[in-house]
There are 2 protein chains.
Amino acid sequence: MVKAALRQGALPDLLGYRLRLAQQAAFRDFAASVQGLSPGRIGLLILIDANPGVTQSRLAEAVRRDRSTMVGVIDLLEGRGLVERRRGDDRRTNGLWLTRAGHMLLARALRRIAEHERRIASRLSPAERRRLLELLGKISP
Amino acid sequence: MVKAALRQGALPDLLGYRLRLAQQAAFRDFAASVQGLSPGRIGLLILIDANPGVTQSRLAEAVRRDRSTMVGVIDLLEGRGLVERRRGDDRRTNGLWLTRAGHMLLARALRRIAEHERRIASRLSPAERRRLLELLGKISP
DNA sequence: ACAATCTGTTGGGCATCCAAACAATCTTAC
DNA sequence: GTAAGATTGTTTGGATGCCCAACAGATTGT
């Protein structure tokens, strides 16, 4: 018994909806591949790696989250031994650095992410992929 | 005092990341415009409108959520008088219909959503917008 | 020196979602 | 026909991710 698909109404024409669908599809694939850390967490590792010593507030600002949200996330990453907090010159701040384990995990994750990217872009030609990134850039600059 | 932006590392080249950025940007704009119901909730109203009498399970399947998740959502929509559950011929099922109030709210929401779409696509030409929808379709068919 | 501001933190709360178990109901096999 | 199995909506419990308000310690501006 094959069930007919639901009628989609106006949804397929809505950018917001289609972005959500694509993002959820990518998320599911990611969750199945880079086990243990969510896309957002890995993203933080990438940002810390590219900006060693960055403070929690600057990081929160970069990903548009509240400062208080960042506390728990960094607690988690620090608890797993991936990130280190160091007292800054301005002694209100914590500078963030990847630990040796953090660097190693990130390197491994980046290889998984490369496969992940290949899967989600498998129906796109390289030119289409570039075009998609370009058009997405016009939505969230 | 102008703070330099963080270095982004490999992130800007990752489709998953850019999709998340765009989706979050769209979500923020939506939240600010269609007050009271989230994009997902409005999406359900659209689906029920396009498929009157659809069961909760079929609806859950369509949006890739668990049946148990749907219960609370429909409770909410029913509690606001937007949706009605009716016992189906198969008496295990609930058929879902929009109420009169549901139809009216949806009509109003669709106008807000049209403005929302215009805003988030404001940097895209009509051709670029169509192209973006087409490329997104290759990621989540 | 003193008020204003900034940083990380805590605690409370909200929204969204899944998994397991259950009763009522329907379907399938015999 | 009837017993076994499958499906539907539901309840309960828990996980996740996020924000806001308030706070102490530190810094900055006047």
Side-chain angles (χ1 to χ4, degrees), chain A residues 1-3 6 17 20-21 23-25 27-28 30-32 34-44 48 51 53-80 83-97, chain B residues 1-3 6 20-21 23-25 27-28 30-32 34-44 48 53-80 83-97:
Chain A
M1 155 104 190
V2 180
K3 305 176 199 169
L6 259 54
Y17 177 73
R20 196 154 62 98
L21 278 192
Q23 196 268 327
Q24 287 179 357
F27 183 89
R28 277 190 301 271
F30 190 98
V34 185
Q35 180 203 26
L37 287 179
S38 66
R41 308 286 190 260
I42 298 283
L44 291 182
I48 294 172
N51 303 274
V54 64
T55 66
Q56 297 182 196
S57 284
R58 298 271 288 119
L59 196 54
E61 189 185 357
V63 296
R64 310 194 67 155
R65 296 287 175 274
D66 194 86
R67 285 198 320 276
S68 61
T69 299
M70 204 51 61
V71 176
V73 182
I74 303 298
D75 282 351
L76 173 79
L77 296 176
E78 199 176 33
R80 295 204 189 180
V83 164
E84 187 188 355
R85 285 173 163 111
R86 287 187 216 156
R87 188 64 161 292
D89 292 340
D90 178 338
R91 296 199 334 279
R92 290 172 300 185
T93 65
N94 291 335
L96 300 176
W97 275 266
Chain B
M1 155 103 190
V2 179
K3 305 174 197 169
L6 258 54
R20 195 154 61 95
L21 279 192
Q23 195 268 326
Q24 288 179 357
F27 183 90
R28 277 190 301 270
F30 190 99
V34 186
Q35 178 202 28
L37 286 178
S38 66
R41 307 287 189 259
I42 299 282
L44 290 182
I48 295 172
V54 65
T55 66
Q56 296 183 196
S57 283
R58 299 269 289 117
L59 196 54
E61 189 184 357
V63 297
R64 307 194 68 155
R65 295 287 175 273
D66 193 88
R67 284 198 320 276
S68 62
T69 299
M70 205 50 60
V71 175
V73 181
I74 303 297
D75 282 351
L76 173 78
L77 297 177
E78 199 177 33
R80 296 205 189 179
V83 165
E84 186 188 356
R85 285 171 164 114
R86 287 189 216 156
R87 188 63 161 294
D89 292 339
D90 177 341
R91 298 195 336 277
R92 290 170 302 183
T93 65
N94 291 334
L96 301 176
W97 275 267

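Chain A is the first sequence line, chain B the second, and so forth, proteins listed ahead of strands; every chain is numbered from 1.
- Contact detail for A/P39 and A/F27: the closest heavy-atom pair is CD-CE1, 3.6 Å.
- Residues A/D66 and A/A60 come closest through the heavy atom pair O-CB, 3.9 Å.
- Contacts of B/S57 with the nucleic acid, taken as non-hydrogen atoms under 4.0 Å apart, involve only primed sugar atoms and P, OP1 or OP2.
- When distances are taken from the side chain of A/R41 to each of D/dG17, D/dT8, D/dC20, the shortest belongs to D/dG17.
- Dense packing is recorded around CZ of A/R86, with more than 12 heavy atoms of other residues, nucleotides or ligands lying under 6.0 Å away.
- For the pair A/R87 and A/R64, both in contact range of DNA chain D, the more 5′-proximal nearest nucleotide belongs to A/R64.
- Across all strands shown, C/dA1 pairs with D/dT30; the Watson-Crick or G-U wobble distances both stay below 3.5 Å.
- A/M70 has its CE atom 18 Å from the P atom of C/dC6, to the nearest Å.
- Rounded to whole angstrom, the span from the CD atom of A/Q23 across to the C1' atom of C/dT16 amounts to 14 Å.
- The side-chain contact (heavy atoms from CB on, under 4.5 Å) with B/L44 is formed by just one residue from the set B/V54, B/V73, B/L76; it is B/V73.
- One finds a side-chain N or O of B/R65 lying less than 4.0 angstrom from the OP1 or OP2 phosphate oxygen of C/dC17.
- Relative to the side chain of A/D66, the nucleotides C/dA21, D/dT11, D/dC19 differ in distance, and D/dC19 lies closest.
- For A/D90 and C/dT5, the CG to P distance is 17 Å, given to the nearest whole Å.
- Rounded to whole angstrom, the span from the CG atom of B/D75 across to the P atom of C/dC17 amounts to 15 Å.
- We find that CZ of B/R86 is positioned 15 Å from P of D/dG9, with the value rounded to whole Å.
- When the nearest nucleotides of DNA chain C are assigned to A/R20 and A/I74 by heavy-atom distance, the more 5′-ward of the two goes with A/I74.
- At whole-Å resolution of the value, CG in B/D89 and P in D/dT8 are 15 Å apart.
- Applying the 4.0 Å criterion to OP1 and OP2 of C/dT7, one finds that A/R91 has every side-chain N and O outside that range.
- We find that CZ of A/R67 is positioned 11 Å from C1' of C/dT5, with the value rounded to whole Å.
- The nucleotide whose nearest atom lies closest to any side-chain atom of B/S68 is, among D/dC19, D/dT10, C/dG8, D/dT10.
- Atoms CD and CZ, from B/Q56 and B/R85 in turn, are 4.5 Å apart once rounded to the nearest 0.5 Å.
- Taking both residues in full, the closest heavy atoms of B/F30 and B/I42 are given as CZ-CG1, 3.9 Å, listed atom of the first, atom of the second, then distance.
- Between B/S38 and C/dT16 there is a side-chain N or O to OP1 or OP2 distance below 4.0 Å.
- A close approach under 4.0 Å does not occur between any side-chain nitrogen or oxygen of B/R92 and OP1 or OP2 of D/dG9.
- In this structure, B/T93 does not reach the D/dT8 phosphate: none of its side-chain N or O atoms is under 4.0 Å from OP1 or OP2.
- Nucleotide C/dC17 holds its C1' atom 15 Å from the CG atom of B/L76, rounded to whole Å.
- OP1 or OP2 of D/dT10 lies within a sub-4.0 Å distance of a side-chain N or O belonging to B/R85.
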